[in-house]
Trainee: 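Please see the structure below; I have some questions.
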Amino acid sequence: MIKYFTTLCIIGCSLTGRSQFLTQQADGKGTIPLPLNGLGLSVDPGKTDVSLGVNNYAAVINKDKHFLMGANLSVKSSSGLGSLFKSGDIVPDGNLLAFAGYHHSNEGKLLRDFSKSDYQQLKDAYYQELRERSLALRQSVKSGGRMAGLLIEDKELRSKTLQQLEINLDTLDANKVIPYLKSYKAEGAPKAFLDAFTVSFTKDIDVYKEQVKQVKELYLKNLQEKYDAFREKRVPIHFAVFAMGGINARSFTRYLGTNATALAKSFQDTLFRGGNFGIGMNLQVRNFWLGLTYTYVAGDNFSDLSSKAYTLRTTDTNSNQTLISEKAITAYGGKYAKVENNLLNIDLAGEFRLGDTSRLLIDLYCRANLFSRDTSYLRNTTNLGAGFYFIGRTKFIGGLYVELPDINNNIQKTKPLSEQSLRSPLQRLSFGIVTKFNLSSLFNWSGPAPKVDG
């Protein structure tokens with residue numbers, strides 16, 4: 001008998017940590033990460049950002065209670081692609097973040113309740129259909145064997161060969177019939193019989209495999225429909241709390257102002273090292289998510305600096321010859337300091353069907369820099385935005401975001417009146433395109449994905 005078991009993969013979405021974020025906006029941060037079964041990769045061409053993440057969320061998502069853990073490594077060029085193409089310079093920026101937390105869900109209970117409902121009847125009908133297909137295969141092979149057996153002239157050998165064939169077909173488990181036929185040998189039988197019989201059962205096996213494939217596809221479709229209907233009458237809930245911490249580093253060149261005695265000393269290579277620690281929570285109710293993180297950051301005000309391309313020319317004279325060399329430098333000017341502050345990130349997301357295989361995820365988010373220890377270097381700001389992400393059959397996640405940065409114009413208000421540019425919110429909106437790739441798994445936005453292995 002062929003062994004089959006059905007695994008209901010309940011893919012929920014209350015997520016933790018910072019491994020492979022589900023949503024992204026202008027600053028590349030989010031509070032809702034993807035569940036991974038192994039390694040994940042995200043890429044944002046606009047920010048030249050590549051992130052590698054790993055966590056155990058996919059392995060525990062169906063369990064009622066479980067501890068979570070994971071890590072995320074992100075590397076990028078803070079200056080984007082522009083300086084790379086113009087001068088070959090980049091500003092390397094790296095971040096390593098780890099998280100650990102606790103997850104609670106009612107998905108396991110829903111699955112157990114479903115297994116006691118119409119699911120058992122549907123599964124029994126599926127297995128019965130497989131048994132009938134297996135029986136039909138055996139009968140067809142027997143018939144083909146009798147036809148091929150006419151090529152065995154010795155009646156006693158023919159009877160013995162066909163009798164043994166039918167006994168084996170009747171007694172073997174269903175999952176052993178095909179391997180038995182593919183290695184079939186009949187002692188003393190002529191080659192003509194074996195050739196004819198091989199052609200016959202090969203066709204039977206092809207027909208059987210196609211029938212089983214159709215039976216499985218129909219079963220999966222019916223199973224998914226029944227489970228979707230079952231879940232519609234219930235409220236799937238996921239809740240997770242977690243702590244996270246990490247380190248980050250950045251290397252860049254600062255412009256200190258023109259040094260009249262030695263122009264090369266106008267620039268200074270700077271290496272920043274910092275860290276962060278925070279707490280967070282995720283809540284999912286049906287297809288809606290709330291994510292929140294609050295973090296202490298030992299950072300700097302690099303984002304407030306402005307970059308500029310310089311060319312440093314050096315002239316060496318020897319006798320009547322002159323050698324001129326040039327060096328392109330991308331440097332950041334402005335007041336710079338290490339500053340501690342706190343970050344508050346909030347996401348409110350919802351998933352909506354666009355068709356049988358496509359989904360739209362809408363994320364409303366808030367990103368706030370709070371309690372700056374030195375507002376003369378790092379201002380307190382709040383950014384609001386919305387992201388729109390499309391998920392389709394091709395397992396590609398892509399989308400766009402619109403954001404209103406610094407809603408209170410705190411940065412502009414600190415400048416002298418003659419330099420202030422206090423524009424209306426509509427004039428300060430920023431837009432971006434986001435692309436995401438995952439090497440091992442993506443959300444199944446249609447809900448649980450029944451899978452048959454055999």
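These numbers come from the heavy atoms of this one structure, side chains and all, not from hydrogens, waters or symmetry mates. Positions are given from 1, in the same order as the sequence printed here. These figures come from a predicted structure and were not determined experimentally.
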Trainee: To the nearest 0.5 Å, tell me how far Leu292 CG sits from Asn345 CG.
Mentor: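 Going from CG on Leu292 over to CG on Asn345, the span is 8.0 Å.
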Trainee: Would you say that more than 12 heavy atoms from the other residues, nucleotides or ligands in this model lie under 6.0 Å from the CG of Leu404, or not?
Mentor: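 Yes - once you tally the heavy atoms of other residues, nucleotides and ligands closer than 6.0 Å, there are more than 12.
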Trainee: Given Tyr332, which partner from the list Tyr310, Phe302, Phe272 fulfils the ring pair (Phe, Tyr, Trp, His ring centres under 6.0 Å) test?
Mentor: Phe302
Trainee: In the structure I gave you, are the side-chain heavy atoms of Lys182 and Ile178 within less than 4.5 Å of one another anywhere?
Mentor: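 With C-beta onward as the side chain, the pair touches.
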Trainee: Give a yes or no answer on whether the side chain of Asn301 reaches the backbone of Tyr377 with a donor-acceptor pair at less than 3.5 Å.
Mentor: yes
Trainee: Can you check side-chain contact (heavy atoms from CB on, under 4.5 Å) on Gln214 and Leu218, steps first, answer last?
Mentor: CA-CA 6 Å; Gln214 294 175 1; Leu218 180 60; over 6 Å; no
Trainee: May I ask you to decide whether Arg379 forms a salt bridge with Asp406, counting only side-chain N to carboxylate O separations under 4.0 Å?
Mentor: no
Trainee: Compute the ring centroids of Tyr227 and Phe114, then answer whether they are less than 6.0 Å apart.
Mentor: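 When the ring centroids of Tyr227 and Phe114 are compared, they turn out to be within the sub-6.0 Å range.
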Trainee: Between Lys335 and Leu305, which heavy-atom pair has the shortest distance, and what is it?
Mentor: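 Nearest pair, atom of Lys335 first, then Leu305: O-CD2, 3.3 Å.
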Trainee: Does a side-chain heavy-atom distance below 4.5 Å link Leu290 with Asp347?
Mentor: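 Side chain of Leu290 against side chain of Asp347, heavy atoms only: no contact under 4.5 Å found.
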Trainee: Under 30°, 30 to 60°, or over 60°: which ring-plane class applies to Phe288 and Phe352, parallel, tilted or perpendicular?
Mentor: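 Perpendicular, since the angle between the ring planes exceeds 60°.
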Trainee: Are any of the side-chain heavy atoms of Thr375 and Asn380 separated by less than 4.5 Å?
Mentor: yes
Trainee: If I compare all heavy atoms of Gly246 with all of Leu97, which pair ends up nearest, and what's the gap?
Mentor: N-CD1, 3.7 Å
Trainee: Does the ring of Tyr255 carry Lys308 above it, NZ/CZ under 6.0 angstrom from centre and within 45° of its axis?
Mentor: no
Trainee: Are Tyr102 and Phe67 near enough that their ring centres are under 6.0 Å apart?
Mentor: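 Yes - the distance between ring centres of Tyr102 and Phe67 falls below the 6.0 Å cut-off.
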Trainee: Looking at Arg254 and Asp269, is any side-chain nitrogen of the basic one under 4.0 Å from a carboxylate oxygen of the acidic one?
Mentor: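 Salt bridge between Asp269 and Arg254, a charged N being under 4.0 Å from a carboxylate O: no.
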Trainee: Using a 3.5 Å distance criterion without hydrogens, assess whether the side chain of Asp374 forms a donor-acceptor pair with backbone atoms of Val339.
Mentor: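 A pair under 3.5 Å: no.
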Trainee: State whether the side chain of Ser372 and the backbone N or O of Leu378 hold a donor-acceptor pair below 3.5 Å, judged by distance alone.
Mentor: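 A pair under 3.5 Å: yes.
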Trainee: Between Asn276 and Ile247, is there a side-chain heavy-atom distance shorter than 4.5 Å?
Mentor: no
Trainee: Considering only heavy atoms from C-beta outward, does the side chain of Tyr294 approach that of Asn342 to under 4.5 Å?
Mentor: yes
Trainee: What orientation do Phe252 and Tyr336 show, parallel under 30°, tilted 30 to 60°, or perpendicular over 60°?
Mentor: perpendicular
Trainee: Is the shortest side-chain N to carboxylate O distance from Glu225 to Lys221 below 4.0 Å?
Mentor: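 Looking at Glu225 and Lys221, the cut-off is met.
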Trainee: If you draw the axis of the six-membered ring of Phe390, does the NZ or CZ of Arg359 fall within 45° of it and under 6.0 Å from the ring centre?
Mentor: no
Trainee: Looking at side-chain heavy atoms only, is the closest gap between Lys65 and Ser105 below 4.5 Å?
Mentor: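 Not in contact.
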Trainee: Which atom names give the shortest non-hydrogen contact between Leu271 and Arg273, and what distance separates them?
Mentor: CD2-NH2, 3.0 Å
Trainee: For Tyr127, is the NZ or CZ atom of Arg131 found under 6.0 angstrom from the centre of its six-membered ring and inside 45 degrees of the ring axis?
Mentor: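 Verdict for Tyr127: no cation-pi partner in Arg131.
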Trainee: How many angstroms lie between NZ in Lys123 and CG in Asn222, if you round to the nearest 0.5 Å?
Mentor: 15.5 Å
Trainee: Would you check if Phe242 and Thr293 make a side-chain contact, meaning some heavy-atom pair closer than 4.5 Å?
Mentor: yes
Trainee: Does one side chain, of Asn95 or Arg250, offer a donor that lies under 3.5 Å from an acceptor on the other?
Mentor: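 No, Arg250 and Asn95 have no side-chain donor paired with an acceptor closer than 3.5 Å.
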Trainee: For Phe239 and Gln284: C-alpha separation, side-chain torsions, deciding distance, then whether side-chain contact (heavy atoms from CB on, under 4.5 Å) applies.
Mentor: CA-CA 6 Å; Phe239 177 74; Gln284 176 205 352; over 6 Å; no
Trainee: CZ of Phe99 to CG of Leu68: how many Å apart, nearest 0.5 Å?
Mentor: 6.0 Å
Trainee: How far does CG of Asp316 sit from CD of Gln321, to the nearest 0.5 angstrom?
Mentor: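 Result: 11.5 Å between the selected atoms.
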Trainee: Verify side-chain contact (heavy atoms from CB on, under 4.5 Å) between Thr270 and Thr253, making sure each step is shown before the conclusion.
Mentor: CA-CA 6 Å; Thr270 303; Thr253 300; over 6 Å; no
Trainee: Without hydrogens or angle criteria, can the side chains of Gln128 and Asp124 be said to hold a donor-acceptor pair below 3.5 Å?
Mentor: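 No, no side-chain donor-acceptor pair sits under 3.5 Å.
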Trainee: Might you point out which heavy atoms bring Pro405 and Asn383 nearest each other, and give the distance in Å?
Mentor: CA-OD1, 3.3 Å
Trainee: For Tyr219 and Glu129, which I'm curious about, is there any donor-acceptor pair between the side chains at under 3.5 Å?
Mentor: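 Per modelled atom types, Tyr219 and Glu129 side chains form no pair under 3.5 Å.
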Trainee: What I'd like to find out is whether the side chain of Asp204 reaches to under 4.5 Å of the side chain of Lys209, using heavy atoms alone.
Mentor: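 Heavy-atom side-chain distance check fails, nothing below 4.5 Å.
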Trainee: Carefully, step by step, assess Lys327 and Thr311 under the rule side-chain contact (heavy atoms from CB on, under 4.5 Å).
Mentor: CA-CA 6 Å; Lys327 180 182 179 182; Thr311 301; over 6 Å; no
Trainee: Do Ser266 side-chain atoms and Asn259 backbone N/O form a donor-acceptor pair below 3.5 Å?
Mentor: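 Here the side-chain-to-backbone pair exists.
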Trainee: CG of Leu370 to CG of Asn341: how many Å apart, nearest 0.5 Å?
Mentor: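 These two atoms lie 8.0 Å from each other.
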Trainee: Restricting to non-hydrogen atoms, name the atom on Asn175 and the atom on Pro179 that form the minimum distance, rounded to 0.1 Å.
Mentor: O-CD, 3.6 Å
Trainee: Considering non-hydrogen atoms only, spot the tightest contact between Glu232 and Arg286 and give its length.
Mentor: O-NH2, 3.2 Å
Trainee: Rounded at 0.5 Å granularity, tell me how far CZ in Phe267 sits from CD1 in Ile329.
Mentor: 4.5 Å
